[in-house]
**Q** 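Got a structure here, written out as C-alpha cells. Questions coming.
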Amino acid sequence: MPEYPEVTVVCQSLSKLLLGKKINNCELLSEKFAKNSSVKDFEEFFNNKTFKKINNTGKFIEFIFDDKSRAIVHLRMEGKFFIRKTSDLEKYRFKHDHIYFHLGNDETLAYNDSRGFGSFETISKENKLSVKEIKNLANLPKDVDIDYLYKKLQNTTRSIKTILLDQKLVLGIGNIYADETLFASKIFPMEKAKNLSKAQLKTLMDNAQRIMDESIKLGGSTVHSYQSVNGIDGKFQQRLKVYGRAKLNCLECGSFVKKVKLDFKQNGRGTSYCPNCQNEK
DNA sequence: CCGTAATCCTGGGCGC
DNA sequence: TGCGCCCAGGATTACG
C-alpha cells in the first residue's frame, strides 16, 4: 500500500510522463471519486488544463495546473495511474478504471482503483487557502520538532506505533514503515508513547526518514499490490526486516518474528516485531 | 477533548 | 474445484 516513499515515486513517475501535457477531455466513470463536486463539474474542472507541477505532501498528491487550480488526490490502498492507449479503452474495458484524462496523441491517463477507496478533491484557482486535509498535516520525520512531539505525548495513553501512524504528528509513515522504524529503533510497538525519552523519539524520526529515503531510491516497496505508474514494481520489499516476516527468524538475533494486532485489539492493524530485539516485557 | 470502533471495498489466500 | 471465510489497511466519521 502506498506510503510516503511509494507516493513519492508515483509523483516522480507522473512528473516525467505528464508535465507540459494538456487534458483535452476528462471522463469520470464513477461519481464517488469526486470528493467535492458533481460529475459534470468534476469533468469540466479538468478539461483544457495543462499539468504544471506534481508533488506530494506525505501520502497526498497535489496536481498543480497552468491556471493555478489544483487537485488533491489520495490513492489510499489500491489507487494506481496508468498511461493507456486511448484506442485500447473500448477494446479491453480495463477493470476498475474509474477516471480517464484524455491527453491526445492516443494517450489517456487512467486512474484505476480496485477497492475504490481513493479520492480526488478539486480546488479552484480562487481558493488560495490550503485544503484542510493538507494544512493539518505534520512534518516529515526529519523536520519533526522533538521537544514539541515529546510534550504532546505526555498527555496521551496511546502506543508509540499509533503515534507513528498519526499523520497529524508525523508525516508519511504507514503500516510497513512503522514496523520497520520500530524494529530499527529496537522499540516495542505497543510501548506507551509517553514512556519514551526525547532521545528515543529522535532515534525513531532518524530511522523513519532514513528507511523511507532508502525505499524511494529503490522505487518503494511492492507488497500485496503496490505498483507505481504503469505497473512498475518497487524493490525495497527485499530490504524489509520485520514486515511480512512473521514466523521467520529475526535477521538480527534469530528469534521468531511475531505478528499481532496493533494494541492487541480486534480491529488493530497487523503489527510485526521481534520480541527479543524490541524488548517485549 | 480523547480514544476507539466502524466504515469504505475487492482480490487473494487458505482450509475444508 | 469451489465455496466461504478472513485478511490487507488510510483516513474519516460516529459515538461514548
Side-chain angles (χ1 to χ4, degrees), chain A residues 1-8 10-11 29-36 56-62 71-80 93-99 111-121 130-138 140 149 151-182 189-194 208 212 215 220-227 231 233-234 237 240 242-247 258-273:
Chain A
M1 25 258 53
E3 304 177 28
Y4 172 71
E6 291 75 30
V7 175
T8 301
V10 167
C11 285
L29 308 177
S30 171
E31 64 182 326
K32 71 173 183 172
F33 294 92
K35 199 171 174 182
N36 63 336
N56 59 306
T57 302
K59 304 171 200 173
F60 290 83
I61 296 172
E62 187 172 29
I72 305 292
V73 177
H74 202 299
L75 306 174
R76 294 291 170 84
M77 269 73 80
E78 302 288 338
K80 294 175 184 64
R93 302 281 177 130
F94 297 97
K95 205 173 181 183
H96 303 304
D97 274 6
H98 301 296
I99 310 174
Y111 176 72
N112 183 283
D113 188 342
S114 66
R115 290 168 75 180
F117 285 176
S119 64
F120 284 64
E121 183 166 6
S130 196
V131 281
K132 79 169 196 292
E133 290 84 351
I134 290 213
K135 84 175 178 205
N136 290 334
L137 294 175
L140 288 170
L149 180 62
K151 260 182 217 158
K152 286 279 274 190
L153 299 185
Q154 299 318 298
N155 300 319
T156 183
T157 58
R158 299 158 91 199
S159 64
I160 184 57
K161 179 167 170 183
T162 306
I163 300 303
L164 292 180
L165 293 171
D166 187 337
Q167 304 300 299
K168 292 178 175 61
L169 293 174
V170 196
L171 187 61
I173 301 174
N175 209 35
I176 297 171
Y177 297 101
D179 282 359
E180 293 300 308
T181 295
L182 288 159
M190 271 68 83
E191 181 70 61
K192 294 295 174 198
K194 64 161 66 171
M212 291 199 293
S215 180
S221 299
T222 293
V223 289
H224 301 296
S225 63
Y226 163 76
Q227 294 180 317
D233 283 353
Q237 64 276 13
L240 298 175
V242 281
Y243 186 93
R245 299 195 73 255
K247 298 180 183 171
K258 270 174 119 171
K259 184 175 178 189
V260 301
K261 302 278 194 185
L262 176 56
D263 296 336
F264 305 114
K265 289 193 168 59
Q266 191 80 31
N267 286 357
R269 300 281 178 254
T271 295
S272 302
Y273 66 100

**Q** Have a look at the helix from B/dC2-C/dG16 to B/dC16-C/dG2 and give the angle its two end axes make, five pairs each, rounded to 10 degrees.
**A**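 Axis-to-axis angle, ends of the helix: 50°.
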**Q** Look at the side chain of A/Q167 and the backbone N and O of A/G172, then say whether any donor-acceptor pair between them is shorter than 3.5 Å.
**A**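 Such a contact is found between A/Q167 side chain and A/G172 backbone.
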**Q** May I have the distance from A/F264 (atom CZ) to B/dA5 (atom P), rounded to whole angstrom?
**A**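 Rounded to whole Å, this separation is 14 Å.
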**Q** Applying the side-chain contact (heavy atoms from CB on, under 4.5 Å) test to A/Y4, which of A/L171, A/I173, A/N56 qualifies?
**A**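 The option that passes is A/N56.
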**Q** Starting from C1' on B/dG3, measure out to CG on A/L262 and report it in whole angstrom.
**A**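 So the two atoms are 13 Å apart, to the nearest Å.
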**Q** Report the distance from atom CD1 of A/I61 to atom C1' of C/dA11, rounded to the nearest whole Å.
**A**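 My rounded result for the distance is 15 Å.
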**Q** Between C1' on B/dG3 and CE on A/M190, what's the gap in Å once rounded to a whole number?
**A**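 These atoms are roughly 17 Å apart.
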**Q** Identify, between A/R158 and A/N267, the residue whose nearest nucleotide on DNA chain B lies closer to the 5' end.
**A**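 Between the two, 5'-proximity favours A/R158.
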**Q** Can you tell me if A/K265 touches the phosphate of B/dG3, counting only side-chain N or O atoms and a distance under 4.0 Å to OP1 or OP2?
**A**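 Looking at the OP1 and OP2 atoms of B/dG3, neither is under 4.0 Å from any side-chain N or O of A/K265.
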**Q** Please report the distance, rounded to the nearest Å, between NZ in A/K168 and P in B/dC1.
**A**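 The answer, rounded to whole Å, is 14 Å.
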**Q** Once you measure the plane-to-plane angle for A/Y111 and A/H98, does it fall in the parallel (<30°), tilted (30-60°) or perpendicular (>60°) bin?
**A**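 Judged by the thresholds at 30° and 60°, the geometry between A/Y111 and A/H98 is tilted.
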**Q** Could you check whether atom NZ of A/K152 has more than 12 heavy atoms from other residues, nucleotides or ligands sitting under 6.0 Å from it?
**A**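 No, NZ of A/K152 has 12 or fewer neighbouring heavy atoms, counting only those of other groups under 6.0 Å.
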**Q** Is there a side-chain contact between A/Y177 and A/L164 (heavy atoms, below 4.5 Å)?
**A**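 A side-chain contact is absent here, since even the closest heavy-atom pair is not under 4.5 Å.
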**Q** If the cut-off is 4.0 Å, is A/H96 near the phosphate of B/dG11, judged by side-chain N/O to OP1 or OP2?
**A**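 For A/H96, the contact criterion (side-chain N or O under 4.0 Å from OP1 or OP2 of B/dG11) is met.
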**Q** Roughly, in whole Å, what's the span from CD1 in A/I72 to C1' in C/dA11?
**A**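 Going from CD1 in A/I72 over to C1' in C/dA11 covers 15 Å.
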**Q** Would one find a side-chain N or O of A/T156 under 4.0 angstrom from OP1 or OP2 of B/dG3?
**A**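 It does, given that an N or O in the side chain of A/T156 lies less than 4.0 Å from OP1 or OP2 of B/dG3.
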**Q** Check the distance between B/dT4's C1' and A/D263's CG and give it to me in whole angstrom.
**A**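 From A/D263 CG to B/dT4 C1': 10 Å.
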**Q** Taking NZ, NE, NH1 and NH2 as the nitrogens, is one of them in A/E78 or A/R76 under 4.0 Å from a carboxylate oxygen of the other?
**A**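 Result for this pair is no, no salt bridge flagged.
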**Q** So do the side chains of A/S221 and A/E6 get within less than 4.5 Å of each other, counting heavy atoms only?
**A**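 Counting from C-beta outward, A/S221 and A/E6 do come under 4.5 Å.
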**Q** Taking side chain as C-beta onward, heavy atoms only, is A/D166 less than 4.5 Å from A/R158?
**A**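 Yes, at least one pair of side-chain atoms sits under 4.5 Å.
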**Q** A/K194 has an atom NZ; how far is it from atom C1' of B/dC2, in whole Å?
**A**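 Distance check: A/K194 NZ to B/dC2 C1' gives 12 Å.
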**Q** Applying side chain to side chain donor-acceptor pair (under 3.5 Å), name anything that partners A/R269, two or more places apart in sequence or on another chain.
**A**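 By the side chain to side chain donor-acceptor pair (under 3.5 Å) rule, A/R269 matches no residue at all.
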**Q** Can you sort out the partners of A/Q237 under side chain to side chain donor-acceptor pair (under 3.5 Å), two or more places apart, ordered by chain and number?
**A**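 Once residues adjacent in sequence are excluded, A/Q237 has no partner under the side chain to side chain donor-acceptor pair (under 3.5 Å) criterion.
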**Q** Could you go over nucleotides 7-10 of chain C and give all protein N or O partners under 3.5 Å, atom names and distances?
**A**
from: C/dA8; atom 1: OP1; to: A/K259; atom 2: NZ; distance (Å): 2.4
from: C/dA8; atom 1: N1; to: A/R115; atom 2: NH2; distance (Å): 3.2
from: C/dA8; atom 1: N3; to: A/R115; atom 2: NH1; distance (Å): 3.1
from: C/dG9; atom 1: OP1; to: A/N175; atom 2: ND2; distance (Å): 3.0
from: C/dG9; atom 1: OP1; to: A/Y243; atom 2: OH; distance (Å): 2.6
from: C/dG9; atom 1: OP2; to: A/N175; atom 2: ND2; distance (Å): 3.4
from: C/dG9; atom 1: N1; to: A/R115; atom 2: NH2; distance (Å): 2.3
from: C/dG9; atom 1: N2; to: A/R115; atom 2: NE; distance (Å): 3.4
from: C/dG9; atom 1: N2; to: A/R115; atom 2: NH2; distance (Å): 2.6
from: C/dG9; atom 1: N3; to: A/R115; atom 2: NH2; distance (Å): 3.3
from: C/dG10; atom 1: O3'; to: A/H74; atom 2: NE2; distance (Å): 3.4
from: C/dG10; atom 1: N7; to: A/R269; atom 2: NH2; distance (Å): 2.6
from: C/dG10; atom 1: N2; to: A/R76; atom 2: NH1; distance (Å): 2.9

**Q** Holding to side chain to side chain donor-acceptor pair (under 3.5 Å), I want the full list of residues that pass it with A/E62, two or more places apart in sequence or in another chain.
**A**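 Counting only residues at least two positions away or on another chain, A/E62 forms a side chain to side chain donor-acceptor pair (under 3.5 Å) with A/R70.
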**Q** Quiz question: by atom type and distance under 3.5 Å, do the side chains of A/K161 and A/N175 form a donor-acceptor pair?
**A**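 Side-chain D/A pair, A/K161 to A/N175: present.
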**Q** Checking all strands, does A/T162 fall into the base, sugar-phosphate, or nothing category for heavy-atom contacts under 4.0 angstrom?
**A**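 It contacts nothing in the nucleic acid.
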**Q** Using nucleotides 14-16 of chain C, report all nitrogen or oxygen pairs with the protein that are shorter than 3.5 Å.
**A**
none

